[in-house]
Amino acid sequence: MAETERYTEIREETATRIDEIFGQNVFNDNVMRQRLPKKTYRELRHVIDEGRSLDPVTADVIAHAMKEWAIEKGATHFTHWFQPLTGITAEKHDAFISHEDDEGRVMTEFSGRELVKGEADASSFPSGGTRSTFEARGYTTWDCSSPAFIKESGCGKILCIPTAFNSYTGDALDKKTPLLRSMDALSEQALRIVRLFGDNEAKRVNTSVGPEQEYFLIDEKLYKLRPDLMYSGRTLFGAPAPRGQEMEDHYYGVIRERVGEFMKDLNTELWKLGVTAKTQHNEVAPAQHELAPIYETANIAVDHNQLVMETMKRVAVHHGMRCLLHEKPYAGVNGSGKHNNWSLSTDKGVNLLDPGETPNQNVQFLLVLSCIIKAVDVHADLLRQSAADVGNDHRLGANEAPPAIMSVFLGEQLEDVVEQLITTGEATSVKQGEMLRTGASTIPDVEMDATDRNRTSPFAFTGNKFEFRSVGSADSIAAANTVLNAIVAEAFSDAANELEQASDFQMAVHDLIKKNLTEHQRIIFNGDGYSEAWLKEAQRRGLPNIPSMIEAAPALTTDKSISLFEKFGIFTKTELQTREEVVYETYAKTIHVEAVTMAEMASNQIIPACVKYATELAASVRELSGVGVDASTEKILLSDVTCRIEDMKRALDKLCADVQKSADTSDERSKAFFYKDTIIPDMASLRKPADELELIVDKRLWPFPTYGELMFEV
Ligand code: ADP
Ligand code: MG
């Protein structure tokens with residue numbers, strides 16, 4: 001090998017060193033320290049750490065440094081990057097140029113004002129009727145707690161500044177503002193708790209979040225042959241493939257070359273953006289995969305999860321594939337979710353959810369645990385709502401995990417401790433993990449966890465965190481974490497109010513733990529969450545079982561919810577009403593697109609193909625009978641096909657008529673329910689004969705790729 005070639009190879013190898021790539025496109029603490037004058041850096045740290053506001057002079061200095069850094073890296077534009085109620089992100093690019101100087105050279109410009117504040121037309125984003133077009137001003141404001149970054153895409157390199165998005169009147173029109181407010185509320189209340197236990201050092205309690213992202217990949221050529229995938233992100237027709245996930249050979253299976261190449265690029269792109277992409281594996285369904293990052297502060301985790309979803313879609317295209325984030329792309333195999341791992345730690349690094357070796361003696365842990373149990377019980381409806389999105393209706397409460405009934409899984413060890421506390425007020429013993437005896441002399445015996453896993457629980461304690469498993473794969477995790485923070489802040493606040501007044505703290509805290517656990521034990525469930533028995537038992541216990549997104553929406557505006565969110569300054573009543581309204585709008589619009597897509601596929605593709613097949617069959621019947629050959633099988637086939645075409649046509653006409661009718665309803669809530677109760681059943685009636693026809697009609701005539709091709713040709 002020539003010297004130069006070897007050199008190139010080595011250089012390429014060093015260029016992909018993970019520690020060098022990581023964070024290279026992020027204006028992070030390190031970069032700020034290097035590039036900002038000491039005074040400015042210190043000032044900004046105060047702003048970030050203590051939530052102070054930024055003065056205009058400092059903002060100008062930071063903007064200048066940020067611009068210089070971005071331009072050196074090749075960025076041409078900047079954007080305020082925000083998270084409207086659509087659940088995805090929004091951006092509008094502005095180039096770093098202003099008028100030419102005297103010598104005709106273009107000047108680059110980016111001021112502190114542009115960094116801190118932007119204006120966006122709020123009327124074109126979902127606002128639940130609180131904004132009309134004549135009062136359209138909306139503002140984006142820099143969230144300096146989440147670092148700016150450079151996004152590389154077909155547009156080139158864009159400096160993205162994470163921002164909150166508010167209306168002219170100050171209402172939060174986004175998902176970030178309430179999340180930040182909830183983090184502050186939780187921190188304040190959690191500090192009261194740790195102070196009671198003698199921690200006077202901690203200045204803040206942070207919410208840590210690690211979201212595990214599931215997704216499907218599909219070949220782009222096949223994707224483009226399916227209008228349903230293109231317009232609604234899921235298949236609306238499709239008979240089951242001969243092989244699904246029954247062989248259980250995909251989960252953790254060897255990753256196929258093409259998918260591996262995608263994952264390699266995806267990781268690199270994410271690492272550049274400072275996203276700690278850590279774990280990757282195949283998931284249960286064919287062509288389904290997962291990526292998990294390392295947990296981080298909730299706000300950044302939410303931003304990063306948006307980047308993960310966006311980057312997955314972008315990188316897939318470069319590999320001739322598409323990434324499907326929909327919760328249920330295919331009927332009959334597993335859908336995708338997002339496990340939201342959540343914990344609380346002080347700024348000194350103490351995790352309040354770490355039970356230690358002897359949880360029975362860890363009083364602070366037991367108090368925190370009992371408060372969380374209380375929070376989930378009191379606000380089960382809100383927690384359920386926080387994971388509702390249109391696609392997730394196919395999972396929660398439908399044919400798939402986790403159930404729509406909220407419950408808390410503690411595991412054997414903690415359940416035993418809780419049981420002791422409830423019955424005797426004292427937990428004197430603790431079950432410890434045993435040794436796992438492998439029985440093979442060369443494999444060492446290992447210590448097991450004290451607790452097995454439970455995959456069916458929506459809210460499971462897993463070692464030193466809770467795992468909220470209900471969130472949908474396409475959804476933002478902002479709402480789920482906002483609600484978790486809020487409900488736990490309230491339980492902490494109740495506890496602190498009581499304990500701060502207590503004359504005998506030890507006695508009072510034991511009593512409170514026992515009281516919380518006793519009053520809210522109905523929410524604890526360690527069994528099989530999928531079973532029929534649990535449905536009945538949960539009903540007996542009075543736990544809410546809310547089957548759909550739109551039935552979950554009213555939880556936002558109950559007196560209980562308004563009082564909770566207003567008390568902690570997380571949402572105003574108007575902001576909650578806005579969000580409820582947006583649920584109905586989003587639901588109706590999404591199902592509308594699905595319905596119209598189905599109608600089009602049925603009338604322009606499936607029915608014509610089936611008619612063609614019927615015509616061919618009829619010709620065969622004529623020909624065979626003409627020469628005296630028995631054509632009874634062909635006749636049966638022909639009748640099978642024609643009667644299903646007839647069923648399809650009838651269902652199609654009804655669907656179209658009902659879609660027309662939906663226009664008569666102007667009230668968003670009634671419209672949403674009309675889509676759920678009328679249009680969705682219409683869609684099911686149309687799908688059934690179509691899927692049956694797919695199994696009968698000559699493959700050569702079938703107008704789009706089948707499930708088998710979609711899932712196995714990746
Ligand atoms: P599992 O075995 O359930 O997949 P992992 O340990 O792999 O659990 O973690 C899954 C996710 O949980 C990862 O994103 C991980 O960073 C995150 N995680 C781990 N510990 C914590 C914690 N204390 N708080 C929040 N998230 C955490
Ligand atoms: Mg997990």
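One-based numbering, in listed order, for ligands and for the atoms of each. Being a predicted model, the structure only gives us computed values, none of them experimental.
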> Does ligand 1 have any atom sitting under 4.0 Å from a heavy atom of Asn464?
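Per 4.0 Å heavy-atom rule, Asn464 contacts ligand 1.
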
> Pro293 to ligand 1: N or O pair under 3.5 Å?
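Yes - when backbone and side-chain N and O of Pro293 are compared with those of ligand 1, one distance drops under 3.5 Å.
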
> Determine, using ring centers only, whether Phe468 and Trp342 are less than 6.0 Å apart.
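Not under 6.0 Å, so no.
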
> Within the structure, is a non-hydrogen atom of Glu467 found at a distance of less than 4.0 Å from ligand 1?
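Within the 4.0 Å threshold, so yes.
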
> Is there a donor in the side chain of Lys465 and an acceptor in the side chain of Asn341, or the other way round, less than 3.5 Å apart?
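Note: Lys465 and Asn341 side chains meet the donor-acceptor criterion.
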
> Answer with yes or no whether Asn351 contacts ligand 1, where contact means a heavy atom under 4.0 Å from a ligand atom.
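Flag set, Asn351 near ligand 1.
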
> Residue-level breakdown please: for His339 versus ligand 1, do any non-hydrogen atoms fall below 4.0 Å on the side chain, on the backbone, on both, or on neither?
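It is neither; nothing of His339 touches ligand 1.
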
> Could you say whether the N/O atoms of Trp342 and ligand 1 ever approach to under 3.5 Å?
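Between Trp342 and ligand 1, no N or O pair is found under 3.5 Å apart.
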
> My understanding is that only residues two or more places apart in sequence, or in another chain, count here; which of them pass salt bridge (charged side-chain N to carboxylate O under 4.0 Å, His left out) with Asp199?
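Partners of Asp199 under the salt bridge (charged side-chain N to carboxylate O under 4.0 Å, His left out) test: none.
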
> Hey, are the side chains of His281 and Glu283 touching, using non-hydrogen atoms and a 4.5 Å cut-off?
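Touching, per the 4.5 Å side-chain cut-off.
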
> Taking 4.0 angstrom as the limit and counting only heavy atoms of Ile294, give me the atoms of ligand 1 inside it, by number and element.
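Numbered from 1, ligand 1 contributes 16 (O).
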
> What is the minimum heavy-atom distance between Ser145 and Ile300, and which atoms define it?
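The pair with the smallest heavy-atom distance is O-CD1, 3.5 Å.
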
> By side-chain hydrogen bond (donor to acceptor under 3.5 Å, both in side chains), which residues pair with Arg195, not counting sequence neighbours?
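If we apply the side-chain hydrogen bond (donor to acceptor under 3.5 Å, both in side chains) test to Arg195, skipping adjacent residues, there are no hits.
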
> Taking only heavy atoms of Gly210, which atoms of ligand 1 are found under 4.0 Å from at least one of them?
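Going through ligand 1 atom by atom, the ones under 4.0 Å from Gly210 are 14 (O), 26 (N).
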
